[in-house]
K.L.:
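Below you'll find the structure I mean.
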There are 2 protein chains.
Amino acid sequence: MNERERGDRILNFYNDKRRMPSYREMLKLFSFKSTNAVHKLVEKLITAGFLSRDGSGHLVPGEGWGQVRMLGLVEAGFPTAVEEVELDTLSLDDWLIEKKESTYLLRVKGESMINAGIREGDMVLVEKTARVKTGDIVVAEVDGEWTMKYLREKSGERYLEPANPDFQPIFPRETLSIVAVVKAVIRKYT
Amino acid sequence: MNERERGDRILNFYNDKRRMPSYREMLKLFSFKSTNAVHKLVEKLITAGFLSRDGSGHLVPGEGWGQVRMLGLVEAGFPTAVEEVELDTLSLDDWLIEKKESTYLLRVKGESMINAGIREGDMVLVEKTARVKTGDIVVAEVDGEWTMKYLREKSGERYLEPANPDFQPIFPRETLSIVAVVKAVIRKYT
DNA sequence: AGTATAAGTGAACACCCGTTCACCAGTCAA
DNA sequence: TTGACTGGTGAACGGGTGTTCACTTATACT
C-alpha cells in the first residue's frame, strides 16, 4: 500500500464521516499496532500535501484535495492512472458558492431562457445580492410576478429580456426589484 | 442571539476550518465562560437537528445542513426570513457526486452538443463507468479521437450523435469505446 | 410574592488524544 | 560486514476533551 493510497483512505474517512479520524481510529484503518506508526505516517502525508494542520494544530484535509479531479478539455482525453496524481482537485461547493448565507438553489420552470442554455428542470444557483450588472441573468419581481431573465438597460431604464424569441421583453409597469443574480446553472442527468 | 443563529455560527466554523470546534473554542465563539454552557447548548442543537453525533460520539454537522438552501420553482418566489428555517439544504458535492473515485470534471470544447444545452466552456461532471445506456451523453474514443456525444443504437450497432444539425453522426470505423457517462453539466458565470 | 424553569458560572474528573522515547527488524549502499 | 536509514512496536506522559455536579442568576407564570 503506497502513500497515495493511504492518504486516500484517510480522506475517504473524512468524506464519509465529515471529520478526521483520530490516531486510534487510523490504527484500524491501516492495521497498525502503534499510534507512533500513525504519527510518522501522518507527518509524511502532511509534507506530501495530502493533509495539513490548521492554526491550532488540528488535522484537516490538505489544500487542494477536494472532491473532484479536474481534467482539461474533452478532446484531450483521459490521463493515465500515473498522471492522475498531478491533477488539480476541488470541491464543487467551494468552487461555486461564494457566500453561503445568501446562496440558494432554484429549479427552473419554463423555456424562456432556452437560448442561454437554461432549460426547464435545470437548477440555478443564485445569490441574493445588490451587486447586479446589466447583462447578468437575474431573478426579479416585476409587477408582483417572479421571473428569471437577462437584465438589460435602454436609455437609462432597466428591463428584462428573455433568451427565447417566442417571449417578449418585460418593461416594468410599476416595480422592478432584482432579488438575486444567477451564478451558475446545474443540470443533473438521472 | 437565537438558536438558529448559534447553530449557524458553529456550522460556519466548520465550513471555514473543515472541522468542528471544541467546547473551549465555542467558549470564545459565544462569549461563554463555562464549558457547561456550551455542553447544554450543543445538546439542544443536536435535538434541534443542527448538529449530530456519529457512531463514536464525535460531533458532526447535522444531517441536511449542507451548503445551499434549496428553494422551489422560480415562479414561487423567495420565502420570507421566517420560512427559511423549513427549507431543505444540501451539499452540491453530495448531491452530484456518487462515486468520488471515478468522477471527473471536464471543460467542454466545441459546439457539437449545443442543442442539449451544453455549450463551449461549460463543465461536465463525468463518471468512468461501464453502466451506459443508449440515449446517455457519453465521453467516448472513436477511431483514436475523443468526443462527447449522445450514444445511439441502430440495428444493433452503436454510434454517436451530436446535438447540433451542423455536425454529422459518427459511425465508428474501427473502435468505439465508451470512457465515461456525463452525469451533470455545470455552467458558472463569472 | 412565590416558585418553577431556563441559562450560565466555576470547578472537578475521567478519559482519550497526540506526542515522545527507547527499541527492533529489514533493506540498501559503501 | 558494517553503518545508516526506513518503517514498525510498545509503553509512558502531559494536556486537552467532553461530561458532570453544585450553585447562582434571570425570566416567566400563576
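Residue numbers start from 1 in every chain, and the chains themselves are labelled A, B, ... in the order their sequence lines are given, proteins ahead of strands.
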K.L.:
Specify the separation, in whole Å, of atom NE2 of B:His39 and atom P of C:dA12.
P.N.:
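Computing the B:His39:NE2 to C:dA12:P distance gives 19 Å.
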K.L.:
For the pair made of CZ in A:Phe30 and P in D:dT9, what is the distance, rounded to whole Å?
P.N.:
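Going from A:Phe30 (CZ) to D:dT9 (P), I get 13 Å.
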K.L.:
Going by the side chain to side chain donor-acceptor pair (under 3.5 Å) test, which pairs reach into residues 20-36 of chain A, not counting sequence neighbours?
P.N.:
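Pairs touching residues 20-36 of chain A that pass the test: A:Arg19-A:Glu25.
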K.L.:
To the nearest Å, how far apart are B:Leu27 CG and D:dT19 P?
P.N.:
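It is 14 Å, rounded to the nearest whole Å.
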K.L.:
Tell me whether the side-chain N or O atoms of B:Lys40 pair up with the base of C:dG8 as donor and acceptor below 3.5 Å, since no angle test is needed here.
P.N.:
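It does, because a donor-acceptor pair links the side chain of B:Lys40 to the base of C:dG8 below 3.5 Å.
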K.L.:
Is there a donor-acceptor pair under 3.5 Å between the side chain of B:Asp8 and the backbone N or O of B:Leu11?
P.N.:
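Absent.
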K.L.:
Looking at A:Lys44, I'd like to know whether one of its side-chain N or O atoms comes within less than 4.0 Å of OP1 or OP2 on D:dG7.
P.N.:
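Answer is yes, contact under 4.0 Å.
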K.L.:
Take the protein atom CZ of B:Arg24 and the nucleotide atom P of C:dA12, then report the distance between them rounded to whole Å.
P.N.:
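It is 14 Å, rounded to the nearest whole Å.
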K.L.:
Check the pair B:Leu29 / B:Phe13 against side chain to side chain contact (heavy atoms under 4.5 Å, CB included), numbers first and verdict last.
P.N.:
CA-CA 9 Å; B:Leu29 224 53; B:Phe13 185 104; 4.3 Å; yes
K.L.:
Is there a donor on the side chain of B:Arg53 or the base of D:dG18 sitting less than 3.5 Å from an acceptor on the other?
P.N.:
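Checked by distance alone, the answer is no.
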K.L.:
Nearest whole Å is fine: how far is C:dG18 P from A:Leu45 CG?
P.N.:
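Roughly 14 Å, once rounded to whole Å.
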K.L.:
Can you work out whether B:Ser31 or A:Val42 has the more 5'-proximal nearest nucleotide on DNA chain C?
P.N.:
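The 5'-side residue here is B:Ser31.
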K.L.:
Which angle, to the nearest 10 degrees, lies between the helix axes at the two ends of the helix from C:dA1-D:dT30 to C:dA30-D:dT1, each defined by five pairs?
P.N.:
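The end-segment axes of the helix from C:dA1-D:dT30 to C:dA30-D:dT1 are tilted 20° relative to each other.
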K.L.:
Give the rounded distance in Å between these two atoms: NE2 of B:His58 and P of D:dT17.
P.N.:
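Distance check: B:His58 NE2 to D:dT17 P gives 12 Å.
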K.L.:
To the nearest Å, how far apart are A:Asn36 CG and C:dA25 P?
P.N.:
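A:Asn36 atom CG is separated from C:dA25 atom P by 17 Å.
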K.L.:
Can you tell me which residue pairs pass the side chain to side chain donor-acceptor pair (under 3.5 Å) test with a partner in residues 177-190 of chain B, sequence neighbours excluded?
P.N.:
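Every pair satisfying side chain to side chain donor-acceptor pair (under 3.5 Å) with a residue in residues 177-190 of chain B: B:Asp122-B:Arg187.
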K.L.:
Tell me yes or no: between the side chains of B:Asn164 and B:Ser112, is some donor less than 3.5 Å from an acceptor?
P.N.:
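No, no side-chain donor-acceptor pair sits under 3.5 Å.
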K.L.:
Check whether any side-chain nitrogen or oxygen of A:Thr35 sits under 4.0 Å from OP1 or OP2 of C:dG18, and answer yes or no.
P.N.:
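So the side chain of A:Thr35 is outside the cut-off, no N or O lying under 4.0 Å from OP1 or OP2 of C:dG18.
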K.L.:
Apply side chain to side chain contact (heavy atoms under 4.5 Å, CB included) to the pair A:Val181 and A:Arg131, showing each step before the final yes or no.
P.N.:
CA-CA 8 Å; A:Val181 187; A:Arg131 297 198 339 266; over 6 Å; no
K.L.:
Looking only at the side chain of B:Ser34 (C-beta and beyond, no hydrogens), which of the listed nucleotides D:dG10, C:dG8, C:dG10 gets closest?
P.N.:
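The listed nucleotide nearest to B:Ser34's side chain is C:dG10.
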K.L.:
If I take atom CG in residue B:Leu59 and atom C1' in nucleotide D:dT19, what distance separates them, rounded to the nearest angstrom?
P.N.:
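Taking CG of B:Leu59 and C1' of D:dT19, I get 13 Å after rounding.
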K.L.:
What is the minimum heavy-atom distance between B:Ala37 and B:Phe32, and which atoms define it?
P.N.:
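It is CB-CD1, 3.6 Å.
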